[in-house]
Structure formats: structure tokens, C-alpha cells
Amino acid sequence: QLQLVESGGGLVQPGGSLRLSCAPSGFTLDYYSIGWFRQAPGKEREGVSCISSSSSSTNYADSVRGRFAISRDDAKNTVYLQMNNLKPEDTAVYYCAADPWDGLCNEYVFMNEYDYWGQGTQVTVSS
């Protein structure tokens, strides 16, 4: 099982920012679609954002659109999730996922069946 490692989580005040990173173990991300998901206590896992392998297509949950930005740096073999204007309801464990099928992510599609998953990083937004 190929894996991903998330980092960058932590405690931040409402209105603050964090940048999450996603790095692979044993493969390169150049040809993978990447998704960010989160799960809050008592809730189902939900998709936050995704980016196609070409980075030409992205998608965002309505709750984060305009506040979060997903990007990839293939030279560094890393995908980022920039999180701005954070709200308490953003508190969750955030997971990075990768899949070789580019069709998982575009303007109209944000699927949740990714092949490879990280272990998650905690994001807590609190005053």
C-alpha cells in the first residue's frame, strides 16, 4: 500500500490561516489526482478540495470555496492546501488522498474513492 503523509495542522484562531502539505511515500504525485478530505467528530467524511493531475481542474466544497486554495508543486513532489479565514466549523482531521484516474476531479466531479490515503492531520480553529 502506497501512502501519503500530511503535515501542517495545528491550532489557529478564527480568521487565521494554515497551510497543509501532502507528501507521498514511494511514488511521485505528478500523474495523480489529489483530494483533501476532512472528518469532524460525529460527522461523515467530506470532500474539501481536489486537483487534477494536470492542475487544470479543481473543485471545492461550497463551505470552503473562496477561502481555501489547493495547489501542487511537482518539482517538490508535494500538494498543498492553503486555508484562509478559518472558522470553528473547519475543525476536523484533514486527510490527503491520491488516485491515478484524472477523472476523479474536475469542475463537475469530486469523487471520494481514492486509492491512497494519508493518516490525517488535526486542524483546530478556536479562540
Side-chain angles (χ1 to χ4, degrees):
Q1 177 70 52
L2 300 179
Q3 295 185 344
L4 302 163
V5 179
E6 304 95 336
S7 62
L11 175 65
V12 64
Q13 294 185 355
S17 298
L18 287 173
R19 189 182 72 167
L20 305 183
S21 298
C22 174
S25 176
F27 65 101
T28 59
L29 296 176
D30 301 48
Y31 309 111
Y32 287 79
S33 295
I34 305 297
W36 283 99
F37 299 82
R38 67 186 182 187
Q39 187 167 20
K43 296 184 178 180
E44 296 290 331
R45 184 186 66 195
E46 65 172 338
V48 177
S49 182
C50 66
I51 186 168
S52 65
S53 60
S54 67
S55 75
S56 62
S57 297
T58 60
N59 209 328
Y60 296 89
D62 290 342
S63 59
V64 308
R65 195 181 307 274
R67 298 189 297 119
F68 291 9
I70 190 170
S71 63
R72 64 164 71 232
D73 187 336
D74 289 335
K76 296 182 178 179
N77 202 27
T78 303
V79 172
Y80 304 99
L81 182 67
Q82 180 66 46
M83 309 165 68
N84 299 322
N85 192 24
L86 284 161
K87 303 176 180 180
E89 51 264 44
D90 295 318
T91 296
V93 177
Y94 283 71
Y95 299 90
C96 178
D99 197 281
W101 184 37
D102 208 36
L104 287 173
C105 180
N106 57 51
E107 179 182 356
Y108 309 102
V109 176
F110 188 172
M111 301 183 70
N112 61 9
E113 295 184 343
Y114 284 69
D115 286 349
Y116 309 111
W117 292 80
Q119 295 301 307
T121 184
Q122 178 70 48
V123 172
T124 302
V125 184
S126 177
S127 59

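The residues of the chain are indexed from 1 along the displayed sequence. Computed from a prediction, not measured in an experiment: that's the story for all the values here.
Proximity of Ser126 to Thr91: side-chain heavy atoms (C-beta onward) are nowhere separated by under 4.5 Å. Within the 4.5 Å cutoff, no side-chain heavy atoms of Met83 are placed close to those of Arg67.
Of the possible donor and acceptor atoms, none in the side chain of Asn84 sits under 3.5 Å from a partner among the backbone N and O of Ser17. Proximity of a side-chain donor or acceptor of Glu6 to a complementary backbone N or O of Cys96 within less than 3.5 Å is detected. Checked by atom type and distance alone, the side chain of Thr124 never pairs as donor or acceptor with a backbone atom of Leu11 at under 3.5 Å. For Asn77 (side chain) and Leu29 (main-chain N/O), a donor-acceptor pair under 3.5 Å exists by modelled atom type. Formation of a donor-acceptor pair under 3.5 Å by the Ser57 side chain with backbone atoms of Asn106 is not found in this model.
Here the closest non-hydrogen pair linking Val64 and Val48 is CG2-O, 3.5 Å. Closest of all the heavy-atom pairs between Ala61 and Gly47 is CB-O, 3.4 Å. Val109 approaches Met111 most closely through the heavy-atom pair CG1-CG, 3.3 Å. Of all non-hydrogen atoms in Ser49 and Tyr60, the two that sit nearest each other are OG-CE2, 3.1 Å.
The CG atom of Asn59 lies 11.5 Å from the CD1 atom of Ile51; values are rounded to the nearest 0.5 Å. Separation of atoms OH (Tyr80) and OG (Ser7) is listed at 9.0 Å; rounding is to 0.5 Å. Between Leu81 atom CG and Ile34 atom CD1 the span is 12.0 Å, to the nearest 0.5 Å. For the atom pair OG1 (Thr78) and CG (Leu20), the distance works out to 12.5 Å, reported to the nearest 0.5 Å. Rounding to the nearest 0.5 Å gives a distance of 4.5 Å between CG of Asp102 and OG of Ser52. Taking CD from Glu113 and CG from Leu104, the interatomic distance works out to 8.5 Å, rounded to the nearest 0.5 Å.
Of the candidates Tyr95, Phe37, Trp101, Tyr114 forms a side chain to side chain contact (heavy atoms under 4.5 Å, CB included) with just one, namely Phe37.
Looking at Arg65 and Asp62, a side-chain N of the basic residue comes within less than 4.0 Å of a carboxylate O on the acidic one, giving a salt bridge.
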Between Leu4 and Val79, does the side chain to side chain contact (heavy atoms under 4.5 Å, CB included) criterion hold? Intermediate values first, please. CA-CA 10 Å; Leu4 302 163; Val79 172; over 6 Å; no

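Within the structure, ring-ring contact (aromatic ring centres under 6.0 Å, His included) pairs that include any residue of residues 7-27 comprise Phe27-Tyr32, Phe27-Tyr116 (at least two apart or interchain).
Both Leu18 and Trp36 are members of a single hydrophobic cluster when ILVMFWY side chains are connected at heavy-atom separations under 4.5 Å.
Annotation for Gln39: atom CD counts as buried by contact number, over 12 foreign heavy atoms lying within 6.0 Å. For Glu89, the CD atom sits in a packed shell: over 12 heavy atoms of surrounding residues, nucleotides or ligands are nearer than 6.0 Å.
Using a 30° and 60° split on the angle between ring planes, Phe68 and Tyr94 fall in the tilted class, from 30° to 60°.
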